[in-house]
Amino acid sequence: QVQLVESGGGSVQSGGSLRLSCAASAYTRIRKCMGWFRRAPGKEREGVAFIDSDGSTSYADSVKGRFTISQDNAKNTLYLQMNSLKPEDTAMYYCAAVKWYLPCPAAGRESDYNYWGQGTQVTVSS
């Protein structure tokens, strides 16, 4: 059974930084392409950052240049380094993964991800 567990959320002031982690159990049962999503109050969940199986990365325009996605395969962990945080980054952040035998999602399409963590809250105050 694959489990994704996020951590690292918290409350920071505008301009601050946080690093989110997503620890994956049964790592061999998921592909290396993974993603971070977020849901702000009253809004739909949106894609934030993605890493493909070859290590290439992509980002939502709203976080480009401020967020960095990375993974440590030895530790079975996905990260999201968030710098220069803004109040509009306030949201619940989720990591997501794909079953090992399925293709990597195209352009971070949410419906292509099979496994989701429980989320970690990020709150940025002005």
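What you are looking at is a predicted structure, and each value in this text was computed from that prediction instead of being measured.
- Judged as a ring-ring contact (aromatic ring centres under 6.0 Å, His included), and not counting sequence neighbours, the contacts of F37 are F50, Y113, W116.
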Apply the test side-chain contact (heavy atoms from CB on, under 4.5 Å) to residues L20 and W36: give CA-CA distance (whole Å), side-chain angles for both, the deciding distance (0.1 Å), then the verdict. CA-CA 10 Å; L20 306 184; W36 285 99; 3.7 Å; yes
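- The only option from T120, V122, D89, L80 that meets the side-chain contact (heavy atoms from CB on, under 4.5 Å) definition with R38 turns out to be D89.
- Each ring-ring contact (aromatic ring centres under 6.0 Å, His included) pair with one or both residues in residues 71-93, not counting sequence neighbours, would appear here, but there are none.
- The shortest distance between side-chain heavy atoms of N73 and K32 falls below 4.5 Å.
- Applying the side-chain hydrogen bond (donor to acceptor under 3.5 Å, both in side chains) criterion to S56, with sequence neighbours excluded, gives D54.
- Of the inter-residue distances, the one linking N114 atom CG with Y101 atom OH reads 7.0 Å to the nearest 0.5 angstrom.
- Side-chain atoms of Q81 do not come within 3.5 Å of backbone N or O of F67 as any donor-acceptor pair.
- Residues meeting the side-chain contact (heavy atoms from CB on, under 4.5 Å) test with V5, sequence neighbours left out: Q118.
- In terms of the salt bridge (charged side-chain N to carboxylate O under 4.0 Å, His left out) criterion, R19 has no residue partners (sequence neighbours excluded).
- Both M82 and V48 are part of a single hydrophobic cluster, where members link through side-chain heavy atoms under 4.5 Å apart.
- Shown here are the side-chain contact (heavy atoms from CB on, under 4.5 Å) partners of P103, two or more places apart in sequence or in another chain: there are none.
- Between L4 and A97, the shortest heavy-atom distance links the atoms CD1-N, 3.8 Å.
- Taking the side-chain hydrogen bond (donor to acceptor under 3.5 Å, both in side chains) definition, one finds that D61 meets it with K64, sequence neighbours left out.
- The shortest side-chain heavy-atom distance between Y115 and I30 falls under the 4.5 Å cut-off.
- In terms of heavy-atom proximity, P87 sits nearest to S125 at CG-C, 4.5 Å.
- Panel note: side chain S25, backbone Q3; a donor-acceptor pair is recorded below 3.5 Å.
- Looking at R66, its side chain does come within 3.5 Å of a backbone N or O of S62 through a donor-acceptor pair.
- Looking at heavy atoms from C-beta onward, Q13 lies out of side-chain contact with L85 at the 4.5 angstrom threshold.
- The side-chain heavy atoms of Y59 and I69, taken from C-beta on, include a pair separated by under 4.5 Å.
- Proximity of a side-chain donor or acceptor of R31 to a complementary backbone N or O of L102 within less than 3.5 Å is detected.
- Using a 4.5 Å cut-off between side-chain heavy atoms of Ile, Leu, Val, Met, Phe, Trp and Tyr, with links allowed through other members, V2 and L78 fall into the same hydrophobic cluster.
- Considering only residues two or more places apart in sequence or on other chains, D52 meets the salt bridge (charged side-chain N to carboxylate O under 4.0 Å, His left out) condition with none of them.
- Residues forming a side-chain contact (heavy atoms from CB on, under 4.5 Å) with K43 (at least two apart in sequence, or on another chain): A40.
- For the 3.5 Å distance criterion, the side chains of D72 and T77 fail to qualify, holding no donor opposite an acceptor.
- Applying the disulfide bond (SG atoms under 2.5 Å apart) rule to pairs touching residues 50-126 yields C22-C95, C33-C104, sequence neighbours excluded.
- Partners of R109 under the salt bridge (charged side-chain N to carboxylate O under 4.0 Å, His left out) rule, at least two apart in sequence or in another chain, are D112.
- No continuous path of ILVMFWY side-chain contacts below 4.5 Å connects I51 to Y94, so the two sit in separate hydrophobic clusters.
- Remark: R45 pairs with E110 by the side-chain hydrogen bond (donor to acceptor under 3.5 Å, both in side chains) rule, at least two apart or across chains.
- The pair E46-R39 does not count as a salt bridge, with every side-chain nitrogen at least 4.0 angstrom from each carboxylate oxygen.
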Is there a side-chain contact (heavy atoms from CB on, under 4.5 Å) between Q121 and T90? Walk through the geometry before answering. CA-CA 8 Å; Q121 178 68 37; T90 294; 4.1 Å; yes
